[in-house]
Amino acid sequence: MLRTLLSQAALGGAAAMEGVMMKAPWAWALAVRLKNGEIHVERHEEPALSQRYPWARLPFLRGVVALWDALSVSYRALMRSAELLGEEEVPKGALWATVAVSLLLGVGLFIVLPGGLAGLFIDPARHPILHNLLAGGIKVGLLVGYLLFIGRLPEIRRFFMYHGAEHKAIHAYEKGLPLTVENVLAQPRFHPRCGTTFLVFVVLVSVLVYSLIPAPEVLWWRLFARVLFLPLVAALAFELLHFSARHNDPFSKALRALGFRFQALTVAEPTPDMVEVAIRSTEAALKREVVA
């Protein structure tokens, strides 16, 4: 099944890509609108880690594996799209360094800082749940403010529009509809497996997990523990995403609705020409047509 592979940690870099990357279990495809208006499409035969290693499909491990797979493929798609658009080549080491710095800044801004600020008002050793509820609220505020800020940049806005085209194409495919511009445009722009929803679930799960971590009167341990347990938080958040996307009970509906509210910040209505790019990428990933 196709899945969205938006890497929220690299929003700024990804915005340079005038195209869409789609991932299927056995391959990934890239479609890029070139400067002359033509659409370049290419398919890369590459099984996902979950297809190559049975252990990578185990609950609680599959989330971390999927995130690593997404970052790896997204990095290569960005490099390839920049090459196709004739931009100045960025050394691989420099781009990986940029991604690493972005991730470190993300951890510092959205994981360590909220815990530190919350600790100024509530003693985490005496009131761990209240402390983490406040830290979660600070995370949400920082995340919303960040997305609102970058969403005002024209390049990021176009990236959010391509994000919407990607979601619509996936909806049309999953409903079994012919992948025409008209059919795809008619689909919802929000999707239950979006990376933005995953980030929201990370915040929710972190409140619970971090409330269970002992909080001694040692500041460095309280902050370091948040980073140490981040893979567990991400794995649980992925399982919550997996569950809510596949069930229709009131709890799952509420989780999806919460995710959709936040997707309104990162998913915009695309233009027909963007939808055309998303369709070409989807077709290539599904191998419905021969591409160069």
Side-chain angles (χ1 to χ4, degrees), residues 1-9 22-25 48-51 56-71 110-111 114 129 132-133 135-144 147 160 163-177 183-184 186-212 229-270 278 282 285:
M1 180 178 293
L2 295 175
R3 66 180 61 182
T4 61
L5 289 175
L6 170 65
S7 172
Q8 298 289 351
M22 287 287 190
K23 184 84 165 64
L49 292 175
S50 60
Q51 299 296 317
R57 297 191 293 272
L58 294 174
F60 305 108
L61 285 178
R62 58 189 176 187
V64 177
V65 172
L67 287 175
W68 174 257
D69 218 3
L71 282 174
F110 298 112
I111 302 297
I129 295 179
N132 284 290
L133 283 173
I138 294 173
K139 290 177 192 175
V140 171
L142 290 172
L143 180 61
V144 171
L147 293 175
F160 288 167
H163 191 189
E166 176 192 1
H167 281 186
K168 286 173 176 281
I170 293 173
H171 272 299
Y173 161 71
E174 292 177 338
K175 292 178 180 179
L177 299 174
N183 285 343
V184 173
Q187 303 308 309
R189 79 177 196 264
F190 302 142
H191 196 281
R193 297 194 305 275
C194 177
T196 304
T197 296
F198 170 76
L199 286 182
V200 176
F201 289 176
V202 165
V203 174
L204 293 178
V205 172
S206 68
V207 173
L208 174 62
V209 172
Y210 294 155
S211 296
L212 301 177
F229 284 88
L230 184 57
L232 174 62
V233 170
L236 292 173
F238 183 88
E239 294 303 318
L240 193 61
L241 183 74
H242 186 83
F243 178 87
S244 64
R246 288 163 173 75
H247 294 81
N248 211 32
D249 56 274
F251 178 66
S252 297
K253 288 181 178 179
L255 288 175
R256 288 200 300 270
L258 176 63
F260 291 167
R261 292 294 297 270
F262 279 83
Q263 285 183 42
L265 299 173
T266 65
V267 186
E269 284 290 341
T282 305

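Throughout, residue positions are numbered sequentially from 1 according to the sequence presented. Just so you know, these numbers come straight off a predicted model, no measurement behind them.
- Put simply, the side chain of Val202 reaches to within 4.5 Å of the side chain of Phe198, judged on heavy atoms.
- Atom CZ of Arg261 sits about 14.5 Å away from atom OG1 of Thr196, to the nearest 0.5 Å.
- Judged as a side chain to side chain donor-acceptor pair (under 3.5 Å), and not counting sequence neighbours, Ser244 has no contacts.
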Under the criterion side-chain contact (heavy atoms from CB on, under 4.5 Å), I'd like the reasoning laid out for Leu204 against Leu255: C-alpha separation, chi angles, the key distance, then a yes or no. CA-CA 10 Å; Leu204 293 178; Leu255 288 175; 4.3 Å; yes

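- In plain terms, the two heavy atoms of Val184 and Ala172 that are nearest each other are CG2-CB, 4.0 Å.
- Interatomic distance, CG of Leu133 versus CG of Leu208, reported as 10.5 Å (0.5 Å rounding).
- Separation of atoms CG (Leu199) and SG (Cys194) is listed at 8.5 Å; rounding is to 0.5 Å.
- Partners of Lys168 under the salt bridge (Lys or Arg N to Asp or Glu O under 4.0 Å) rule, at least two apart in sequence or in another chain, are Glu269.
- Nearest heavy-atom pair, Val267 versus Arg189, reported as atom, atom and distance to 0.1 Å: O-NE, 2.7 Å.
- With rounding to the nearest 0.5 angstrom, the CZ atom of Phe201 is 13.0 Å from the CG atom of Leu236.
- Scanning both residues, Arg193 and Ala245, for their nearest heavy atoms gives CG-CB, 3.8 Å.
- Heavy-atom minimum distance, Phe160 versus Thr266: CD2-O, 3.1 Å.
- Atom CZ of Phe229 sits about 13.5 Å away from atom CD1 of Ile111, to the nearest 0.5 Å.
- We find the CG-CD1 distance between Leu212 and Ile129 to be 8.0 Å, quoted to the nearest 0.5 Å.
- Between Phe260 and Phe190, the angle of the ring planes stays under 30°, which puts this pair in the parallel group of the 30/60° scheme.
- Side-chain contact annotation: His163 with His167, donor-acceptor N/O pair under 3.5 Å present.
- Residues forming a side chain to side chain donor-acceptor pair (under 3.5 Å) with Arg256 (at least two apart in sequence, or on another chain): Asn248.
- The main-chain N or O of Ala48 is never found under 3.5 Å from a side-chain atom of Asp69 such that the two would form a donor-acceptor pair.
- None of Val203, Leu143, Leu142 except one satisfies the side chain to side chain contact (heavy atoms under 4.5 Å, CB included) rule with Pro114; the exception is Leu142.
- Ser50 and Ala56 get closest at one heavy-atom pair: CA-CB, 3.8 Å.
- A donor-acceptor pair under 3.5 Å is formed between the side chain of Gln263 and the backbone N or O of His191.
- For Arg57, the CZ atom counts as densely surrounded, since its 6.0 Å shell holds more than 12 non-hydrogen atoms of other residues, nucleotides or ligands.
- Pairing each heavy atom of Tyr210 with each of Lys139, the nearest pair is CE1-NZ, 3.7 Å.
- Leu67 places none of its side-chain heavy atoms less than 4.5 Å from the side chain of Phe238.
- Contact check for Asn183 versus Lys175: no side-chain heavy atoms found under the 4.5 Å cut-off.
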